[in-house]
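Numbers for residues simply follow the sequence, beginning at 1.
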Amino acid sequence: MEDKKIEEYLAECFKIIDENVEVLSDIEFEIEQQKDNEIIPNLQLHDLIDMTQDVAESIKIRKAEASYMRRQLD
């Protein structure tokens, strides 16, 4: 009888731990997202130019992929 109580107690403890780990994981994810969204004020001009070129190339690639997919569907 006592073993059953211990098992129930441990099961409840593991459930609480799992819930807390999930909450902590969510908080960590939100903090990382906030860090990603922050603007870094100490960017140099060449860093800004590099970022702009990367974005432009990424857009060109996405447009090319979309055009290719349209041609494949036709």
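For CD of Glu19, the number of neighbouring non-hydrogen atoms (other residues, nucleotides, ligands) closer than 6.0 Å is greater than 12.
Both Ile6 and Phe14 sit in one connected hydrophobic cluster of ILVMFWY residues. Membership requires side-chain heavy atoms under 4.5 Å apart, directly or through other members.
The shortest distance between side-chain heavy atoms of Ile27 and Glu30 does not fall below 4.5 Å.
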Got a list of side-chain donor-acceptor pairs under 3.5 Å for residues 53-66, not counting sequence neighbours?
from: Ser58; atom 1: OG; to: Arg62; atom 2: NH2; distance (Å): 3.1

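Evaluation of the side-chain contact (heavy atoms from CB on, under 4.5 Å) rule for Glu8 yields Lys4 as partners, not counting sequence neighbours.
By the 4.5 Å side-chain criterion applied to Ile, Leu, Val, Met, Phe, Trp and Tyr, Ile49 is assigned to a cluster that also includes Leu45.
Taking CD of Glu22 as the start and CG of Leu24 as the end, the distance is 10.5 Å to the nearest 0.5 Å.
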